[in-house]
Visitor: 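First the structure, which I've put down as structure tokens, then a few questions once you've had a look.
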Amino acid sequence: MSATLVLDREALTRLGSDIQDCEFAISFARRYCSMLESRVRRILDALLDGDLVAAMDSVLSLKVSSSTVGAHELADLALAVEQHVRCRDVIAARQQAAALADAADRAETALADYLTAYRAS
């Protein structure tokens with residue numbers, strides 16, 4: 001596992017505070033979890049097809065949404081994939097993207113724990 005933090009729990013607290021709506025932040029986190037697998041799959045499929053435009057679109061979506069919820073490990077991996085795509089290095093992008101699914105699983109587990117604790121509070 002990367003040394004980068006899997007989930008910064010304070011990110012959702014800050015998001016809720018910034019927009020003065022904690023429930024929106026929680027809803028955003030739930031929606032993020034529900035879309036996570038398909039976001040990763042779109043990146044992997046685009047790279048497999050050599051479609052750099054679709055890969056870039058998908059990786060930017062994953063990077064920004066991951067950063068918003070505090071899934072820093074996944075956001076950092078997405079950034080690395082993005083950099084390879086920008087350089088048109090499909091092989092390196094595929095190699096880096098191979099780690100996305102496991103990082104997404106860790107992020108989803110950490111967010112599920114966070115959401116469970118939020119409901120209990």
Side-chain angles (χ1 to χ4, degrees):
M1 178 177 15
S2 170
T4 303
L5 187 63
V6 172
L7 179 67
D8 173 9
R9 291 174 165 244
E10 292 301 312
L12 288 170
T13 302
R14 284 190 303 273
L15 176 62
S17 177
D18 288 349
I19 61 173
Q20 299 178 346
D21 187 351
C22 292
E23 287 304 315
F24 172 82
I26 295 303
S27 175
F28 186 89
R30 285 188 185 116
R31 190 169 38 259
Y32 170 86
C33 285
S34 74
M35 297 173 69
L36 189 52
E37 184 178 341
S38 65
R39 280 186 170 135
V40 170
R41 178 85 274 150
R42 282 194 334 255
I43 294 166
L44 297 174
D45 288 347
L47 290 172
L48 185 62
D49 293 342
D51 185 343
L52 295 179
V53 172
M56 182 61 77
D57 180 60
S58 299
V59 81
L60 289 173
S61 174
L62 179 64
K63 181 182 77 170
V64 171
S65 61
S66 295
S67 181
T68 301
V69 299
H72 295 304
E73 177 191 21
L74 197 49
D76 288 352
L77 275 170
L79 174 61
V81 174
E82 174 192 353
Q83 291 169 337
H84 292 302
V85 170
R86 284 190 189 282
C87 293
R88 306 188 64 76
D89 188 344
V90 177
I91 293 170
R94 285 178 186 156
Q95 290 171 338
Q96 194 72 56
L100 288 172
D102 287 343
D105 287 345
R106 287 188 291 275
E108 191 168 12
T109 297
L111 273 165
D113 291 347
Y114 175 88
L115 293 170
T116 298
Y118 178 83
R119 278 192 302 267
S121 65

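These figures come from a predicted structure and were not determined experimentally.
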Visitor: Below 30° counts as parallel, above 60° as perpendicular, anything between as tilted: where do the rings of F24 and F28 land?
Guide: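 Rings of F24 and F28: tilted, 30 to 60°.
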Visitor: Closest heavy-atom contact between R39 and S65?
Guide: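 Answer, listing the atom of R39 first, then S65: NH1-OG, 3.1 Å.
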Visitor: Identify the heavy atoms of V40 and A104 that sit nearest to each other, and give their distance.
Guide: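 Looking at all heavy atoms of both residues, the shortest contact is CG2-CB, 3.9 Å.
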Visitor: Would you check if L47 and Q96 make a side-chain contact, meaning some heavy-atom pair closer than 4.5 Å?
Guide: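 Side-chain contact under 4.5 Å: no.
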Visitor: Is there a path of hydrophobic side-chain contacts, each under 4.5 Å between heavy atoms of I/L/V/M/F/W/Y residues, joining L12 to I19?
Guide: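 As far as the 4.5 Å side-chain criterion goes, L12 and I19 are connected within one cluster.
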Visitor: Working to the nearest 0.5 Å, report the span between CD of E108 and CG of L111.
Guide: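 Output value for this atom pair is 8.0 Å.
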Visitor: Looking only at heavy atoms, which two atoms of A55 and V85 are closest? And how far apart?
Guide: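 Minimum heavy-atom contact is CB-CG2, 4.3 Å.
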Visitor: To the closest 0.5 Å, what do you measure between CZ (R94) and CG (D89)?
Guide: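 So the CZ of R94 and the CG of D89 are separated by 10.0 Å.
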Visitor: Provide the closest heavy-atom pair for L100 versus A78 in the form atom of the first, atom of the second, distance.
Guide: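 Heavy atoms only, the tightest pair is CD2-N, 4.2 Å.
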Visitor: Taking the side chain from S17 and the backbone from R14, do they hold a donor-acceptor pair closer than 3.5 Å?
Guide: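 Pair absent, no side-chain N/O of S17 close to backbone of R14.
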Visitor: How far apart are the closest heavy atoms of R86 and L60, and which atoms are they?
Guide: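 Looking at all heavy atoms of both residues, the closest pair is NH2-CD2, 4.3 Å.
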Visitor: Give a yes or no on whether the backbone of A112 and the side-chain of T116 come within a donor-acceptor separation of less than 3.5 Å.
Guide: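 Indeed, once roles are kept as given, a pair shorter than 3.5 Å links the two residues.
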Visitor: Out of curiosity, K63 NZ to D76 CG, how far, rounded to the nearest 0.5 Å?
Guide: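 The NZ atom of K63 sits 10.5 Å away from the CG atom of D76.
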Visitor: Once you round to the nearest 0.5 Å, how far does CZ of R9 lie from CG of D113?
Guide: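 Rounded to the nearest 0.5 Å, the CZ-CG separation comes out at 6.5 Å.
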Visitor: Please report the interatomic distance CG(D8) to NE2(H72), rounded to the nearest 0.5 Å.
Guide: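 It is 4.0 Å, given to the nearest 0.5 Å.
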Visitor: If two hydrophobic side chains count as joined below 4.5 Å and joins carry through other members, does L74 share a cluster with L79?
Guide: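 Different clusters.
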Visitor: Measure the OG-CE distance between S61 and M56 for me, rounded to the nearest 0.5 Å.
Guide: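 So the OG of S61 and the CE of M56 are separated by 13.0 Å.
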Visitor: Indicate the atoms forming the closest heavy-atom contact of L62 with I43, along with that distance.
Guide: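 Closest heavy-atom pair between L62 and I43: CD2-CD1, 3.6 Å.
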Visitor: Not counting sequence neighbours, which residues clear side-chain contact (heavy atoms from CB on, under 4.5 Å) with D45? List them please.
Guide: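 Partners of D45 under the side-chain contact (heavy atoms from CB on, under 4.5 Å) test: R41.
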Visitor: Is the shortest heavy-atom distance from the side chain of L36 to the side chain of D105 under 4.5 Å?
Guide: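 Not in contact.
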Visitor: Give a yes or no answer on whether the side chain of S38 reaches the backbone of M35 with a donor-acceptor pair at less than 3.5 Å.
Guide: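 It does hold such a pair.
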Visitor: Does a side-chain heavy-atom distance below 4.5 Å link T13 with Y118?
Guide: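 Answer no - side chains too far apart.
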